[in-house]
Amino acid sequence: WQVRLSEKTRKEILELQNKYPKSRSALIPALLLAQNENGYLPSEIQHEVAELFQITFNEVNSIVTFYDMLYEKPMGKRILHICKGISCML
């Protein structure tokens, strides 16, 4: 069983790349599109996105693991985010 992006999502990602002067600027929106389709970003999807952007898997994975809004594992139906930053505590 292998998870893959749909042709529709692949097309949307390629269209996103054309909206930016540098296609790599579309990486986070593309990852969000892929996540919306699958609910999370398993390594197979990250490899596909890397291929579409012509970058390495490690570059994509570093973005996925850095941002709290991107998930490598399936998450629950509802997700509660709590801001711990100084601006939220004012």
Side-chain angles (χ1 to χ4, degrees):
W1 188 78
Q2 188 175 7
V3 181
R4 302 229 358 128
L5 290 174
S6 68
E7 283 303 315
K8 179 182 180 248
T9 300
R10 289 176 70 87
K11 184 179 176 187
E12 288 175 7
I13 289 172
L14 293 172
E15 289 171 2
L16 262 177
Q17 290 176 337
N18 293 327
K19 291 183 179 182
Y20 294 88
K22 293 185 178 184
S23 65
R24 188 180 174 127
S25 300
L27 183 56
I28 293 175
L31 288 167
L32 289 170
L33 270 176
Q35 182 170 273
N36 286 340
E37 179 176 281
N38 296 290
Y40 68 109
L41 297 164
S43 61
E44 297 93 347
I45 297 294
Q46 292 180 50
H47 278 286
E48 269 192 89
V49 172
E51 182 182 301
L52 290 171
F53 279 85
Q54 298 178 341
I55 58 177
T56 67
F57 166 79
N58 288 339
E59 290 175 282
V60 172
N61 187 256
S62 68
I63 299 295
V64 171
T65 56
F66 180 80
Y67 289 102
D68 290 341
M69 65 201 173
L70 300 172
Y71 313 114
E72 288 187 284
K73 297 178 181 168
M75 300 299 285
K77 189 173 185 178
R78 291 184 175 79
I79 300 165
L80 178 65
H81 291 277
I82 300 172
C83 178
K84 299 179 204 171
I86 189 75
S87 60
C88 295
M89 294 181 188
L90 295 176

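Counting from 1, the numbers follow the sequence of the chain as shown. Please read all numbers here as calculations on a predicted model, not as lab measurements.
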query: If you measure from CG on L41 to CG on N36, what distance do you get to the nearest 0.5 Å?
result: 9.5 Å
task: For the pair E7 and K11, find out whether any cationic side-chain nitrogen is under 4.0 Å from an anionic carboxylate oxygen.
output: no
query: Are V60 and M69 co-members of a hydrophobic cluster defined by side-chain heavy atoms under 4.5 Å apart?
result: yes
- request: Would you give the length of the straight line joining atom CD1 of I28 to atom CG of L33, rounded to the nearest 0.5 angstrom?
  value: 12.5 Å
field: Min side-chain heavy-atom separation K8-E12 under 4.5 Å
entry: yes
task: Could you state whether F57 and F53 fall into the same hydrophobic cluster, counting links through intermediate Ile, Leu, Val, Met, Phe, Trp or Tyr residues with side-chain heavy atoms under 4.5 angstrom apart?
output: no
field: Electrostatic pair E48:R10 at N-O distance under 4.0 angstrom
entry: yes
- prompt: Counting N and O atoms only, with roles assigned by atom type, does the side chain of Q35 sit under 3.5 Å from a partner on the main chain of Y71, one being a donor and the other an acceptor?
  reply: yes
statement: Correct closest heavy-atom pair for L52 and L5 would be CD1-CD1, 4.3 Å
field: Approximate separation, where rounding is to 0.5 Å, of C83 SG and D68 CG
entry: 10.5 Å
task: State, to 0.1 Å, how close Y40 and K73 come at their nearest heavy-atom pair, and which atoms those are.
output: CB-O, 3.4 Å
Exceeds 12 heavy-atom contacts within 6.0 angstrom, atom OH of Y67: no
- line: In short, I55 meets E59 closest at the heavy-atom pair CB-OE1, 3.2 Å
Minimal non-hydrogen separation, T65 against E72, with atom names: CG2-OE1, 3.3 Å
message: Give me the atom names and distance for the closest heavy-atom approach of L16 to A30.
response: CD1-N, 3.8 Å
query: Nearest heavy-atom pair of Q46 and N61: which atoms, and what distance?
result: OE1-ND2, 2.9 Å
- line: side chain to side chain contact (heavy atoms under 4.5 Å, CB included) test vs L31 passes for just one of I45, I13, L70, namely L70
